[in-house]
Amino acid sequence: MREVAFSYLKELNDIQRLAVTTLDGPVMVIAGPGSGKTRVLTYRIAHMLNSGINPGNILALTFTNKAAKEMKHRIEHVAGQGANRVWAGTFHSLFARILRTEAHRLGFPNDFTIYDTDDTKSVIEEIIKTMNLDKKVYVAGQVRSRISSAKSNLITPKAYSANEDLMAMDRMNRRPLIYQIYEKYVAKCQKSGAMDFDDLLLQMFKLLYQNPDGVREKYQQQFRYVMVDEFQDTNYLQYEILKMLCYYEGSPRNICIVGDDAQSIYSFRGATIENILQFEHDFKDVKTFKLEQNYRSTSYIVNAANDVIKFNSKQIQKKIWTDKADGPKIKIIKSMSETEEGKRVADTIVEQKNRHNLANKDIAILYRTNGQSRIFEEALRRYNLTYRIYGGLSFYQRKEIKDIIAYMRLTVNEKDDEALKRVINYPRRGIGDSTVDGIMQIANDNDMSMWEVISKIEFNPRARKSIGEFVSLIERFRNYSSSNDAYQTALYIAKHSGIVDLFKAEGTLEAEGRLENITSLLDGIQEFTEDDELLINEEFSADKSMSRFLQSISLMTDADDEKGETDAITLMSVHAAKGLEFKSVFVTGLEENLFPSYQSLSTPEQIDEERRLFYVAITRAETYLTLTFANSRYQFGQMRFNDQSRFLEEISSENIDAISSITREESKPAFGEPKLLGNFKKAIAAPPKVDAANFKPSSLDKIKKGQKVLHLKFGEGEVLAVDERMVATIFFSQATDMKEKRIVLQFAKLQVISE
DNA sequence: GGGGGCTATGGGGGG
DNA sequence: CATAGCCCCC
């Protein structure tokens, strides 16, 4: 039995096995890209379970829902049942889960609302307005990020105002009152029964730190074994929470952190590599394992990654290597414009699919900013290639969805002023801006929630009727929700709020789309109420309430919900691609001011982070890596001309396909007649269109001087000469770069064309 | 005071 | 290219 149970250990290399089997004491795993990190993490948990450790005592923290999901899935595969009782999830979701049972100890309702970035910004905007500050100077988004980073560094409003560095910085930026906004913002959130994303961590810290009723000991006892994935992405606050859980008198200190300093790409939200150094300092007897063998990529890709990362000064010494065969070299595609870049990428995808038999799901197009996706969408549509975009505007960010959800939020939490403001006059019911402003003012002046104001205070006759109707509408929702599940309530809300009728009356194509979105939201809620997978998690088994649903979606991003098993090309930002791998990867928009971003050019540290981002991007590729850039593109509403990215020059030339680096100034768009009219201007040049399905390579002896031949990529050509090494010189009239090519017949596939 | 249409402005990455 | 702010009419 024992041998069967532990057989997975044979699937690991020596270092991996040590990392998996060293369960006691602090462990640090430095894991290069493609080094089997996920495997180590999951097998380690499986090994814990097989060693008799109670799954409920294991806390496994990741950064993304996707990573959490994959981890759970894979543990289950290796360890079977019991795996679902492991506390595996993102920092934010697991802490939210804990806070849902503990928040009352901190002065929050247990079904607190989670504010997303938009809610937060809107609260801050309101504060700026009431303080009579210039919103051009106090930009809500920037104030928000100051507050966010203060929270991430455990700096309270009071500490903020006492911190000379922070205050000097604010004075320099002519925003000396940020500390006051911060103070008011914290008070407002508390008053609204709301936590923002940072609060999910900060309040968790407070809970452990203030230790009401000995909750700290309770969680220290519970989480005997802690694992942290992507440790390089943790911020100070997260590390302090981890220490609270694992670093105290008498602690078994069973903490295992897994990370790669070279892949640290989240410093903008407070992540700091210092945590790795600090960890070694705090946990002095830490055992360190370095996973340096890359099982993912060919040597050209691995070498290129090493080339690039050498340009960063600060790093933990390691050398990633692979024993994989060479494979094709890295290809670079230069285009005149972003449109051409899109076309060339689509072209290359078709070629790769034909030549190497790749499925759509083997292919990913990565970019620095989500805004770049449009150009690739259009190009892929032209070839009828199936694609899926991750990130960008998430489903839950759409207006109609947020509106319905705002009604749900207000139903659950009457103090949620942000939700109230959103729906009090939507659909239009005659409560205009000035009335709403009045309500806000009364609420502020009397320390009440807006709901309290409208439900308890008499209004002028003009607004009274419509406000009264709104109040009774929400009261009906609350009533209904008390005896119905989340799905039924949501259905009731959609119907009686008037939103559905509004779109039905509109009757436009756009309104139809919005209705569809609402329907799929409702489907999602139904799925949530009927999903029995959650039942396995004891603590939340019966909780199908609306507030539980709201909590689960507020932490979800678009990238997390799987849309079936369709075979689609992946389009996503490089950030979103971390942890994933594809046979063929296109890293696009490699231009100065874009990748690296124009906002990161001012300091070497920021450039280094962009470089790590590039490192992450190229190491996603298993076999085919294509790097693309355009000489010109529309940026901020005008045509911009950017140089190629410095990162391209950092890859040594022996890893790059020499032909691909030849300039292609003369190239023309390579598309045929448009299939979808309207979206595209007609292509200028005829493409080398070869019907791949009917392509049959001819035997070599048929290839002779003067023979007309067909080539999958280059189209029709005429053989000019064949030399004794069986290298043919062929003139391809449709070729986009050099028309005369030397083709090695032994490898090339050519079909003769009979006259 | 509320509603609708127009112009001006701003735009990274994500839980 | 989407949203906020502004102006004008009811």
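Computed from a predicted model, the values in this text were never measured in an experiment. Scope of the values below: all heavy atoms of this structure, side chains included, with no hydrogens, waters or symmetry mates. Letters A, B, ... are given to chains in the order of the sequence lines, protein chains preceding strands, and every chain is numbered from 1.
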Euclidean distance, atom [atom1] of residue [X] to atom [atom2] of [N] [Å, nearest integer]:
X: A:Asp118; N: B:dG15; atom1: CG; atom2: P; result: 14 Å
X: A:Gln372; N: C:dC1; atom1: CD; atom2: P; result: 14 Å
X: A:Lys121; N: B:dG15; atom1: NZ; atom2: C1'; result: 15 Å
X: A:Ile467; N: B:dG1; atom1: CD1; atom2: C1'; result: 12 Å
X: A:Arg398; N: C:dT3; atom1: CZ; atom2: P; result: 13 Å
X: A:Tyr390; N: B:dG15; atom1: OH; atom2: C1'; result: 18 Å
X: A:Phe197; N: B:dG15; atom1: CZ; atom2: P; result: 8 Å
X: A:Ile265; N: B:dG15; atom1: CD1; atom2: P; result: 11 Å

>> For DNA chain B, please output the secondary structure as dot-bracket, reading 5' to 3'. Pairs are Watson-Crick or G-U wobble, both atom distances under 3.5 Å; mark crossing pairs with [ ], other-strand partners with |, unpaired with a dot.
In response: ||||||||||.....
> For A:Arg612, which contact category applies under a 4.0 Å heavy-atom criterion: base, sugar-phosphate, or nothing?
Replying inline: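 No contact at all - A:Arg612 keeps every heavy atom at 4.0 Å or more from the nucleic acid.
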>> Considering every strand and a 4.0 Å limit on heavy-atom distances, what is the contact class for A:Phe91: base, sugar-phosphate, or nothing?
In response: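 Since no nucleic acid heavy atom lies under 4.0 Å of A:Phe91, the category is nothing.
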>> Show, in sequence, the C-alpha distance, side-chain angles and deciding distance for A:Tyr615 and A:Gln263, and conclude whether the side-chain hydrogen bond (donor to acceptor under 3.5 Å, both in side chains) test is met.
In response: CA-CA 7 Å; A:Tyr615 178 84; A:Gln263 293 184 66; 5.8 Å; no
>> Does A:Ile525 form a side chain to side chain contact (heavy atoms under 4.5 Å, CB included) with A:Ile553? I'd like the steps, not just the answer.
In response: CA-CA 10 Å; A:Ile525 301 176; A:Ile553 58 163; over 6 Å; no
Which pairs, protein N/O on one side and nucleotides 2-6 of chain B N/O on the other, fall under 3.5 Å?
residue : atom : partner  : partner atom : Å
B:dG2   : OP1  : A:Gly432 : N            : 3.1
B:dG2   : OP1  : A:Thr435 : OG1          : 2.4
B:dG2   : OP2  : A:Ser434 : N            : 3.4
B:dG2   : OP2  : A:Ser434 : OG           : 2.4
B:dG3   : OP1  : A:Gly430 : N            : 3.3
B:dG3   : OP2  : A:Asn425 : ND2          : 3.0
B:dG4   : OP2  : A:Arg428 : NH1          : 2.5

> What orientation do A:Phe376 and A:Tyr367 show, parallel under 30°, tilted 30 to 60°, or perpendicular over 60°?
Replying inline: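 Aromatic pair A:Phe376/A:Tyr367 classed parallel.
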> Aromatic rings A:Phe63 and A:Phe91: how do their planes relate, parallel, tilted or perpendicular, breaks at 30° and 60°?
Replying inline: tilted
>> By the salt bridge (Lys or Arg N to Asp or Glu O under 4.0 Å) test, which pairs, at least two apart or in different chains, include something from residues 585-599 of chain A?
In response: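 Of all non-adjacent pairs touching residues 585-599 of chain A, those that pass salt bridge (Lys or Arg N to Asp or Glu O under 4.0 Å) are A:Glu591-A:Arg633, A:Glu592-A:Arg646.
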> Can you name the side chain to side chain contact (heavy atoms under 4.5 Å, CB included) partners of A:Arg428, sequence neighbours left out?
Replying inline: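 Partners of A:Arg428 by the side chain to side chain contact (heavy atoms under 4.5 Å, CB included) criterion, ordered by chain and then number, come out as A:Asn425.
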>> So, using side chain to side chain contact (heavy atoms under 4.5 Å, CB included) as the criterion, who are the partners of A:Asp116 when residues are at least two apart?
In response: A:Asp118, A:Asp119, A:Phe197, A:Gln397, A:Lys402
> With a 4.5 Å limit on heavy-atom distance, are the side chains of A:Leu627 and A:Phe614 in contact?
Replying inline: yes
> Atom CZ of A:Arg640 and atom CD of A:Gln635: how far apart are they, to the nearest 0.5 Å?
Replying inline: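 Reported to 0.5 Å precision, the distance equals 5.5 Å.
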>> Give me the atom names and distance for the closest heavy-atom approach of A:Asn642 to A:Asn593.
In response: OD1-ND2, 3.1 Å
> So which heavy atom on A:Tyr185 is nearest to which on A:Ile124, and how close?
Replying inline: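 So the two residues come closest at CD1-CG1, 3.9 Å.
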Please list, pair by pair, any protein nitrogen or oxygen found under 3.5 Å from a nitrogen or oxygen in nucleotides 9-12 of chain B.
residue : atom : partner  : partner atom : Å
B:dG12  : N7   : A:Gln599 : OE1          : 3.3
B:dG12  : N2   : A:Arg368 : NH2          : 2.2
B:dG12  : N2   : A:Glu610 : OE2          : 2.9
B:dG12  : N3   : A:Arg368 : NH2          : 3.2

